[in-house]
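Notes follow the structure.
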Amino acid sequence: DAGVTQSPTHLIKTRGQHVTLRCSPISGHKSVSWYQQVLGQGPQFIFQYYEKEERGRGNFPDRFSARQFPNYSSELNVNALLLGDSALYLCASSPWTGSFEQYFGPGTRLTVT
Amino acid sequence: GIQVEQSPPDLILQEGANSTLRCNFSDSVNNLQWFHQNPWGQLINLFYIPSGTKQNGRLSATTVATERYSLLYISSSQTTDSGVYFCAVGHQAGTALIFGKGTTLSVSS
C-alpha cells in the first residue's frame with residue numbers, strides 16, 4: 001500500500017513569493033495534518049483537517065492557509081514568504097475512525113532566499 | 001498547552017549496547033507516538049502507545065499514563081538505529097501531535 005505522498009520534494013522560492021505544497025493521504029484515511037520542522041527542532045503543528053473541515057490550527061500567521069479536497073488530499077499555501085519559512089513541511093494522515101495514529105510523508109523541503 | 005520533554009538530548013553508543021530514552025509530558029494524553037527520523041527527514045512510526053507496553057523486535061516501549069511518562073528501549077543497537085527519536089503526544093484523541101525536542105542517537109561500530 002502506498003504511504004503518504006508529498007510534492008514537490010524540494011522547492012526554492014524568493015522572499016515575498018507564494019508557495020503551494022501538496023499531500024495525498026494513505027488510502028482510506030480521512031484526516032490530514034500539516035507540520036513545520038525547522039532545523040534542529042521537533043515538528044510544529046500548523047493545521048488539521050478531517051472530512052474537508054478544519055479541526056485544528058496551530059500558532060502560525062494568516063499567511064498560512066490550507067484546504068482538503070473531496071478525495072481527502074490537501075494543499076498548504078504560504079503567502080508573502082519570509083526567510084524564516086525555510087523548513088521541512090510534513091504532512092501526516094490518520095484514519096480518524098478507529099485510530100488516531102498519524103503517519104507522515106517524506107516532506108517538502110522549502111528554501112526561501 | 002502540553003509540554004513534552006525528552007531525555008537525554010544526545011546519546012552516543014557502541015554497536016550492541018542497550019539504551020533507554022525517556023519522554024515526560026505535563027498533562028493527560030490520549031495519544032502518544034514514538035518516531036525515528038532518518039537522515040532524509042522521514043518520520044518512521046515506531047509505536048502508537050498511549051498506555052501499556054509494546055514490543056517490536058529489538059525495540060519496546062512503555063507508557064505509564066498516570067505518571068505521565070513513556071520509555072523507549074533499544075536493545076543490541078545497530079548503526080542503522082542512528083538518528084533522531086521523537087516522542088509526540090495528543091491531548092485529546094484526534095488532535096494534533098505535540099513533539100518533544102528529540103533525542104539524537106549515534107551508534108558507532
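Just so you know, these numbers come straight off a predicted model, no measurement behind them. To find a chain, count down the sequence lines: A is the first, B the second, and so on, and within it residues start at 1.
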For [X], does the [atom1] atom have more than 12 heavy-atom neighbours from other residues, nucleotides or ligands under 6.0 Å away?
| X | atom1 | answer |
| --- | --- | --- |
| Arg58(B) | CZ | yes |
| Glu54(A) | CD | yes |
| Ile12(A) | CD1 | no |
| Ile2(B) | CD1 | yes |

With a 4.5 Å cut-off on side-chain heavy atoms, are [Y] and [X] touching?
| X | Y | result |
| --- | --- | --- |
| Phe86(B) | Gln37(A) | yes |
| Leu97(B) | Tyr35(A) | yes |
| Pro43(A) | Leu43(B) | yes |

Legend entry - Nearest non-hydrogen partners of Gln33(B) and Glu101(A), listed with the distance: NE2-CG, 3.3 Å
Inset, instruction - Would you mind checking which part of Gln6(B) comes under 4.5 Å of any heavy atom in chain A, side chain (CB onward), backbone (N, CA, C, O), both or neither? - result: neither
Legend entry - Largest heavy-atom contact set with chain B, pairs under 4.5 Å, which of Gly105(A), Gly107(A), Ser94(A): Gly105(A)
Inset, instruction - State which residues pass ring-ring contact (aromatic ring centres under 6.0 Å, His included) with Tyr72(A); sequence neighbours excluded, sorted by chain then number. - result: none
Inset, instruction - Answer with side chain, backbone, both or neither: which region of Ile46(A) has an atom nearer than 4.5 Å to a non-hydrogen atom of chain B? - result: neither
Inset, instruction - Give every residue pair that meets the salt bridge (charged side-chain N to carboxylate O under 4.0 Å, His left out) criterion with at least one member in residues 63-88 of chain A, sequence neighbours excluded. - result: Arg22(A)-Glu75(A), Arg63(A)-Asp85(A), Arg67(A)-Glu75(A)
